[in-house]
Amino acid sequence: MTIEELVDRARNGSTRAVGRLLSLVESARRDEVLAAIGTRTARVIGVTGPPGAGKSTTIAVLVAAYRQRGLRVAVLAVDPSSPYSGGALLGDRIRMAAHINDDDVLIRSVATRGHLGGLAAAVPAAIRLLAELSYDVVLLETVGVGQSEIEISAVADPTVVILNPGAGDAVQAAKAGLLEVADIVAINKADREGADQTVRDLRAETDAPILKIVAARNEGIEELVGVIDAYHRSDSPERRSSRARAQILSLAQSALRSHGGLEALGSAVAAGDLDIYEATAALLDQAGFGSGRDGAEQVGDQNENDLSALQ
(Lines give C-alpha, C1' and ligand atoms only; values in the text may rest on other atoms or scores of the structure.)
Protein backbone atom coordinates (compact mmCIF):
# COMPACT_ATOMS: atom_id res chain seq x y z
CA MET A 1 0.00 0.00 0.00
CA THR A 2 1.37 3.42 -0.97
CA ILE A 3 1.62 6.34 1.39
CA GLU A 4 -1.04 8.16 -0.61
CA GLU A 5 -3.39 5.19 -0.15
CA LEU A 6 -2.65 5.14 3.57
CA VAL A 7 -3.44 8.85 3.82
CA ASP A 8 -6.75 8.33 1.98
CA ARG A 9 -7.71 5.47 4.28
CA ALA A 10 -6.73 7.49 7.35
CA ARG A 11 -8.90 10.39 6.18
CA ASN A 12 -11.77 7.93 5.81
CA GLY A 13 -11.46 6.82 9.42
CA SER A 14 -9.05 3.88 9.35
CA THR A 15 -7.22 3.82 12.69
CA ARG A 16 -4.84 1.17 11.33
CA ALA A 17 -3.82 3.54 8.55
CA VAL A 18 -3.29 6.36 11.06
CA GLY A 19 -1.10 4.09 13.19
CA ARG A 20 0.92 3.01 10.16
CA LEU A 21 1.48 6.61 9.08
CA LEU A 22 2.59 7.60 12.58
CA SER A 23 5.08 4.74 12.52
CA LEU A 24 6.40 5.99 9.19
CA VAL A 25 6.96 9.54 10.48
CA GLU A 26 9.15 8.01 13.21
CA SER A 27 11.24 6.29 10.54
CA ALA A 28 13.53 7.20 7.67
CA ARG A 29 10.42 7.56 5.47
CA ARG A 30 9.22 10.66 7.32
CA ASP A 31 9.82 12.99 4.36
CA GLU A 32 7.72 10.77 2.09
CA VAL A 33 4.75 11.12 4.42
CA LEU A 34 5.20 14.87 4.79
CA ALA A 35 5.36 15.24 1.00
CA ALA A 36 1.98 13.51 0.70
CA ILE A 37 0.10 15.80 3.12
CA GLY A 38 -0.65 19.50 3.44
CA THR A 39 0.43 22.06 6.00
CA ARG A 40 -2.61 22.28 8.27
CA THR A 41 -2.00 23.03 11.93
CA ALA A 42 -3.57 21.86 15.18
CA ARG A 43 -3.50 23.28 18.69
CA VAL A 44 -0.73 21.63 20.69
CA ILE A 45 -0.90 21.54 24.48
CA GLY A 46 2.13 20.18 26.29
CA VAL A 47 1.66 18.39 29.60
CA THR A 48 4.71 17.51 31.66
CA GLY A 49 5.75 17.00 35.26
CA PRO A 50 7.54 14.50 37.49
CA PRO A 51 6.48 10.83 37.50
CA GLY A 52 3.40 10.21 39.64
CA ALA A 53 2.10 13.78 39.44
CA GLY A 54 -1.07 12.67 37.67
CA LYS A 55 -0.30 13.75 34.11
CA SER A 56 -2.23 10.94 32.45
CA THR A 57 -5.25 11.43 34.71
CA THR A 58 -5.19 15.17 33.95
CA ILE A 59 -4.92 14.48 30.23
CA ALA A 60 -7.88 12.09 30.41
CA VAL A 61 -10.15 14.79 31.85
CA LEU A 62 -8.78 17.39 29.43
CA VAL A 63 -9.66 15.04 26.57
CA ALA A 64 -13.21 14.79 27.96
CA ALA A 65 -13.45 18.58 28.21
CA TYR A 66 -12.41 19.08 24.59
CA ARG A 67 -14.65 16.27 23.38
CA GLN A 68 -17.60 18.02 25.03
CA ARG A 69 -16.80 20.93 22.72
CA GLY A 70 -17.01 18.58 19.74
CA LEU A 71 -13.27 18.68 19.03
CA ARG A 72 -11.25 15.72 17.79
CA VAL A 73 -8.33 15.03 20.15
CA ALA A 74 -5.02 13.17 19.80
CA VAL A 75 -2.73 12.27 22.69
CA LEU A 76 0.96 11.72 22.00
CA ALA A 77 2.62 10.16 25.06
CA VAL A 78 6.37 10.53 24.69
CA ASP A 79 8.00 7.32 25.89
CA PRO A 80 11.56 7.89 27.13
CA SER A 81 12.49 4.22 26.83
CA SER A 82 12.39 1.65 24.05
CA PRO A 83 10.11 2.12 21.04
CA TYR A 84 9.24 -1.57 21.35
CA SER A 85 8.99 -2.38 25.06
CA GLY A 86 6.33 0.22 25.80
CA GLY A 87 7.45 1.55 29.15
CA ALA A 88 5.40 3.25 31.85
CA LEU A 89 3.61 5.70 29.58
CA LEU A 90 1.94 2.88 27.65
CA GLY A 91 0.70 1.52 30.96
CA ASP A 92 -0.78 4.92 31.72
CA ARG A 93 -3.21 4.43 28.85
CA ILE A 94 -5.32 2.54 31.38
CA ARG A 95 -6.14 5.91 32.94
CA MET A 96 -7.53 7.01 29.56
CA ALA A 97 -9.68 3.88 29.17
CA ALA A 98 -12.87 5.93 28.97
CA HIS A 99 -11.75 7.24 25.56
CA ILE A 100 -10.51 4.02 23.99
CA ASN A 101 -13.72 3.37 22.05
CA ASP A 102 -14.13 6.99 20.94
CA ASP A 103 -13.30 7.21 17.22
CA ASP A 104 -12.51 10.91 17.64
CA VAL A 105 -9.77 10.28 20.21
CA LEU A 106 -6.35 8.89 19.29
CA ILE A 107 -3.85 7.79 21.95
CA ARG A 108 -0.34 7.00 20.78
CA SER A 109 3.11 6.53 22.32
CA VAL A 110 6.13 8.08 20.64
CA ALA A 111 9.62 6.83 21.49
CA THR A 112 12.36 9.38 22.15
CA ARG A 113 15.23 7.00 21.40
CA GLY A 114 16.19 5.04 18.33
CA HIS A 115 14.21 7.15 15.88
CA LEU A 116 16.37 9.84 14.27
CA GLY A 117 16.75 12.13 17.24
CA GLY A 118 13.65 11.54 19.35
CA LEU A 119 11.16 14.25 20.23
CA ALA A 120 12.72 16.99 18.12
CA ALA A 121 12.52 14.89 14.96
CA ALA A 122 9.40 12.76 15.34
CA VAL A 123 6.83 14.90 17.13
CA PRO A 124 6.51 17.93 14.81
CA ALA A 125 5.95 15.56 11.90
CA ALA A 126 3.36 13.57 13.86
CA ILE A 127 1.54 16.78 14.81
CA ARG A 128 1.44 17.94 11.19
CA LEU A 129 0.07 14.54 10.14
CA LEU A 130 -2.62 14.58 12.83
CA ALA A 131 -3.65 18.10 11.84
CA GLU A 132 -4.00 16.97 8.24
CA LEU A 133 -6.24 14.12 9.47
CA SER A 134 -8.55 16.71 11.10
CA TYR A 135 -7.53 16.39 14.73
CA ASP A 136 -8.20 19.75 16.35
CA VAL A 137 -6.17 19.40 19.55
CA VAL A 138 -2.97 17.45 20.22
CA LEU A 139 -2.07 16.80 23.86
CA LEU A 140 1.64 16.08 24.15
CA GLU A 141 2.71 14.26 27.32
CA THR A 142 6.32 13.93 28.44
CA VAL A 143 7.63 12.25 31.56
CA GLY A 144 9.31 15.33 33.03
CA VAL A 145 12.87 14.12 33.50
CA GLY A 146 14.93 14.94 30.43
CA GLN A 147 15.72 16.87 27.27
CA SER A 148 12.17 16.38 25.98
CA GLU A 149 10.97 19.01 28.43
CA ILE A 150 13.21 21.64 26.86
CA GLU A 151 12.05 20.66 23.40
CA ILE A 152 8.36 20.62 24.35
CA SER A 153 8.40 24.39 24.86
CA ALA A 154 9.34 24.78 21.20
CA VAL A 155 6.37 22.69 20.05
CA ALA A 156 3.51 23.30 22.50
CA ASP A 157 1.30 26.32 23.02
CA PRO A 158 1.12 26.31 26.00
CA THR A 159 3.13 23.92 28.20
CA VAL A 160 1.34 22.86 31.39
CA VAL A 161 3.49 21.54 34.24
CA ILE A 162 1.69 19.21 36.67
CA LEU A 163 2.99 19.09 40.25
CA ASN A 164 1.74 17.67 43.57
CA PRO A 165 1.46 19.28 47.01
CA GLY A 166 4.33 18.74 49.40
CA ALA A 167 7.09 16.21 48.74
CA GLY A 168 9.32 19.09 47.63
CA ASP A 169 7.79 19.11 44.14
CA ALA A 170 8.17 22.88 43.77
CA VAL A 171 11.86 22.82 44.66
CA GLN A 172 12.56 19.72 42.57
CA ALA A 173 10.73 21.20 39.58
CA ALA A 174 12.86 24.31 39.81
CA LYS A 175 16.06 22.23 40.03
CA ALA A 176 15.01 20.06 37.10
CA GLY A 177 14.31 23.09 34.93
CA LEU A 178 10.61 22.25 34.59
CA LEU A 179 9.54 25.70 35.69
CA GLU A 180 11.64 27.20 32.91
CA VAL A 181 9.29 25.67 30.34
CA ALA A 182 6.07 26.18 32.33
CA ASP A 183 3.50 28.50 30.79
CA ILE A 184 0.90 27.22 33.27
CA VAL A 185 1.40 25.29 36.52
CA ALA A 186 -1.33 22.99 37.83
CA ILE A 187 -1.14 21.62 41.38
CA ASN A 188 -2.88 18.25 41.08
CA LYS A 189 -4.26 16.37 44.10
CA ALA A 190 -4.85 19.79 45.64
CA ASP A 191 -7.16 18.28 48.24
CA ARG A 192 -4.04 17.03 50.02
CA GLU A 193 -2.37 18.86 52.87
CA GLY A 194 0.28 21.33 51.79
CA ALA A 195 -1.35 22.52 48.55
CA ASP A 196 -1.50 26.17 49.61
CA GLN A 197 2.13 26.11 50.77
CA THR A 198 3.19 24.59 47.45
CA VAL A 199 1.42 27.43 45.64
CA ARG A 200 3.25 29.99 47.78
CA ASP A 201 6.58 28.26 47.14
CA LEU A 202 5.95 28.26 43.41
CA ARG A 203 5.00 31.94 43.30
CA ALA A 204 8.57 32.68 44.41
CA GLU A 205 9.92 30.61 41.50
CA THR A 206 7.69 31.44 38.51
CA ASP A 207 5.41 34.11 37.09
CA ALA A 208 3.26 31.51 35.31
CA PRO A 209 -0.42 31.15 36.33
CA ILE A 210 -0.80 28.57 39.12
CA LEU A 211 -4.02 26.58 39.51
CA LYS A 212 -5.17 23.93 41.97
CA ILE A 213 -6.94 20.89 40.52
CA VAL A 214 -8.07 17.41 41.55
CA ALA A 215 -7.99 15.59 38.23
CA ALA A 216 -9.37 12.31 39.61
CA ARG A 217 -12.57 14.16 40.59
CA ASN A 218 -12.60 16.51 37.58
CA GLU A 219 -12.24 19.51 39.90
CA GLY A 220 -10.65 22.68 38.53
CA ILE A 221 -10.46 21.33 34.98
CA GLU A 222 -12.84 23.89 33.44
CA GLU A 223 -10.72 26.65 34.95
CA LEU A 224 -7.56 25.00 33.59
CA VAL A 225 -9.08 24.81 30.10
CA GLY A 226 -10.04 28.47 30.39
CA VAL A 227 -6.48 29.47 31.28
CA ILE A 228 -5.14 27.36 28.39
CA ASP A 229 -7.56 29.09 26.00
CA ALA A 230 -6.59 32.54 27.31
CA TYR A 231 -2.92 31.74 26.85
CA HIS A 232 -3.53 30.54 23.29
CA ARG A 233 -5.44 33.73 22.41
CA SER A 234 -2.63 35.91 23.75
CA ASP A 235 0.04 34.21 21.63
CA SER A 236 2.09 36.59 19.49
CA PRO A 237 4.01 36.44 16.20
CA GLU A 238 7.22 36.98 18.19
CA ARG A 239 6.59 33.88 20.34
CA ARG A 240 5.63 31.81 17.32
CA SER A 241 8.85 32.89 15.61
CA SER A 242 10.86 31.96 18.72
CA ARG A 243 9.21 28.53 18.82
CA ALA A 244 9.99 28.00 15.15
CA ARG A 245 13.66 28.94 15.63
CA ALA A 246 13.92 26.64 18.65
CA GLN A 247 12.42 23.76 16.61
CA ILE A 248 14.88 24.39 13.78
CA LEU A 249 17.80 24.37 16.21
CA SER A 250 16.53 21.19 17.89
CA LEU A 251 16.30 19.43 14.53
CA ALA A 252 19.76 20.69 13.56
CA GLN A 253 21.19 19.42 16.84
CA SER A 254 19.56 16.03 16.25
CA ALA A 255 21.21 15.87 12.82
CA LEU A 256 24.58 16.80 14.32
CA ARG A 257 24.27 14.10 17.00
CA SER A 258 24.02 11.47 14.27
CA HIS A 259 26.75 12.96 12.04
CA GLY A 260 29.41 10.50 10.98
CA GLY A 261 32.31 12.72 12.03
CA LEU A 262 31.20 13.18 15.63
CA GLU A 263 32.89 10.04 17.00
CA ALA A 264 36.30 10.89 15.54
CA LEU A 265 36.09 14.47 16.79
CA GLY A 266 35.12 13.25 20.26
CA SER A 267 38.17 10.97 20.31
CA ALA A 268 40.39 13.86 19.23
CA VAL A 269 39.10 16.07 22.06
CA ALA A 270 39.54 13.25 24.59
CA ALA A 271 43.12 12.73 23.40
CA GLY A 272 43.89 16.43 23.69
CA ASP A 273 44.47 16.89 19.97
CA LEU A 274 41.62 19.40 19.63
CA ASP A 275 39.91 21.70 22.07
CA ILE A 276 36.11 21.60 22.32
CA TYR A 277 35.61 24.78 20.31
CA GLU A 278 37.82 23.62 17.45
CA ALA A 279 35.98 20.29 17.38
CA THR A 280 32.60 21.99 17.36
CA ALA A 281 33.65 24.28 14.54
CA ALA A 282 34.98 21.27 12.61
CA LEU A 283 31.68 19.41 13.06
CA LEU A 284 29.74 22.42 11.79
CA ASP A 285 32.12 22.71 8.83
CA GLN A 286 31.70 19.02 7.99
CA ALA A 287 27.93 19.41 8.18
CA GLY A 288 28.08 22.31 5.75
CA PHE A 289 27.51 25.16 8.20
CA GLY A 290 30.99 26.60 7.83
CA SER A 291 30.62 28.88 10.84
CA GLY A 292 34.02 28.41 12.53
CA ARG A 293 34.86 28.77 16.24
CA ASP A 294 32.85 31.98 16.76
CA GLY A 295 29.88 30.48 14.98
CA ALA A 296 30.01 27.41 17.22
CA GLU A 297 29.69 29.64 20.26
CA GLN A 298 26.91 31.67 18.60
CA VAL A 299 24.87 28.53 17.88
CA GLY A 300 24.79 27.65 21.56
CA ASP A 301 24.03 31.24 22.56
CA GLN A 302 21.20 31.52 20.02
CA ASN A 303 19.63 28.28 21.22
CA GLU A 304 19.61 29.55 24.81
CA ASN A 305 18.19 32.92 23.69
CA ASP A 306 15.36 31.33 21.73
CA LEU A 307 14.37 29.08 24.60
CA SER A 308 14.45 32.07 26.97
CA ALA A 309 12.24 34.02 24.61
CA LEU A 310 9.54 31.37 25.01
CA GLN A 311 9.18 32.14 28.71
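Please read all numbers here as calculations on a predicted model, not as lab measurements. Every heavy atom of this structure was used, including side-chain atoms; hydrogens, water molecules and symmetry mates were not.
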Item checked: N164 side chain to A53 backbone, donor-acceptor under 3.5 Å -> yes

Notebook entry, point to check: Are any of the side-chain heavy atoms of L211 and I184 separated by less than 4.5 Å?
Noted result: yes

Item checked: Contact check, side chains of I187 and I210, non-hydrogen atoms, under 4.5 Å -> yes

Check: Shortest non-hydrogen contact from A156 to G46?
Finding: CB-N, 3.3 Å

Next item on the list: Could you tell me whether the side chain of D157 reaches within less than 4.5 Å of the side chain of H232, counting heavy atoms only?
Entry: yes

Next item on the list: Verify side-chain contact (heavy atoms from CB on, under 4.5 Å) between E132 and R11, making sure each step is shown before the conclusion.
Entry: CA-CA 8 Å; E132 184 67 21; R11 285 174 174 155; 2.5 Å; yes

Check: How far apart are the C-alpha atoms of T15 and L106, what are their side-chain angles, what is the distance that settles it, and do they pass the side-chain contact (heavy atoms from CB on, under 4.5 Å) test?
Finding: CA-CA 8 Å; T15 55; L106 173 75; 5.8 Å; no

Next item on the list: Would you check if P165 and K189 make a side-chain contact, meaning some heavy-atom pair closer than 4.5 Å?
Entry: yes

Margin query: Between E278 and V269, does the side-chain contact (heavy atoms from CB on, under 4.5 Å) criterion hold? Intermediate values first, please.
Written below: CA-CA 9 Å; E278 291 171 334; V269 170; over 6 Å; no

Next item on the list: Could you tell me whether the side chains of E141 and S56 share a donor-acceptor contact shorter than 3.5 Å?
Entry: yes

Check: Does some side-chain heavy atom of I45 sit less than 4.5 Å from a side-chain heavy atom of L140?
Finding: no

Check: How far does NZ of K55 sit from CG of L163, to the nearest 0.5 angstrom?
Finding: 9.5 Å

Item checked: Shortest non-hydrogen separation from G54 to N188 and the atoms involved -> CA-ND2, 3.6 Å

Checklist line | Full working for side-chain contact (heavy atoms from CB on, under 4.5 Å) between L262 and L256 | finding: CA-CA 8 Å; L262 182 59; L256 289 173; over 6 Å; no

Margin query: Please give me the minimum heavy-atom distance between A190 and K212, naming the atom from each residue.
Written below: CB-CB, 3.6 Å

Margin query: I'd like to know if the side chain of R128 and the backbone of L34 have a donor-acceptor N/O pair within less than 3.5 Å.
Written below: yes

Check: Would you find a donor on one side and an acceptor on the other, under 3.5 Å apart, between the side chain of T206 and the backbone of L202?
Finding: no

Check: When rounded to the nearest 0.5 angstrom, what is the spacing between CD1 in I37 and CG in L133?
Finding: 7.5 Å

Check: Who passes side-chain contact (heavy atoms from CB on, under 4.5 Å) against R72, sequence neighbours left out?
Finding: D104, S134, Y135, D136

Item checked: N/O donor-acceptor pair under 3.5 Å between Q68 side chain and A65 backbone -> no

Checklist line | Verify same cluster id: V214, L62 (apolar side-chain graph, 4.5 Å) | finding: no

Check: If you measure from OG1 on T58 to CD1 on I162, what distance do you get to the nearest 0.5 Å?
Finding: 4.0 Å

Check: With a 4.5 Å limit on heavy-atom distance, are the side chains of L139 and V73 in contact?
Finding: yes

Notebook entry, point to check: More than 12 heavy atoms of other residues, nucleotides or ligands under 6.0 Å from CZ of R67: is that the case?
Noted result: yes

Note to self: With a 4.5 Å cut-off on side-chain heavy atoms, are D183 and V160 touching?
What the structure shows: no

Next item on the list: Among residues two or more places apart or on two chains, list those pairs meeting side-chain hydrogen bond (donor to acceptor under 3.5 Å, both in side chains) that have a residue in residues 217-230.
Entry: R43-D229, R69-D229, D191-R217, R217-E219

Notebook entry, point to check: What is the distance from atom OG of S14 to atom CG of L6, rounded to the nearest 0.5 Å?
Noted result: 8.0 Å

Check: Looking at CG of L130 and CG of L21, how far apart are the two atoms once the value is rounded to the nearest 0.5 Å?
Finding: 9.5 Å

Margin query: Hydrophobic clustering (ILVMFWY, side-chain heavy atoms < 4.5 Å, transitive) - are V18 and V7 grouped together?
Written below: yes

Check: Strictly by modelled atom types, are S23 and R108 linked by a side-chain donor-acceptor pair under 3.5 Å?
Finding: yes

Note to self: Once rounded to the nearest 0.5 Å, what's the spacing between atom CG of L224 and atom CD1 of I213?
What the structure shows: 5.5 Å

Check: Do P209 and V185 have side chains that get closer than 4.5 Å, going by heavy atoms?
Finding: no

Check: So, does E5 use its side chain to make a donor-acceptor pair with the main chain of T2 at under 3.5 Å?
Finding: yes

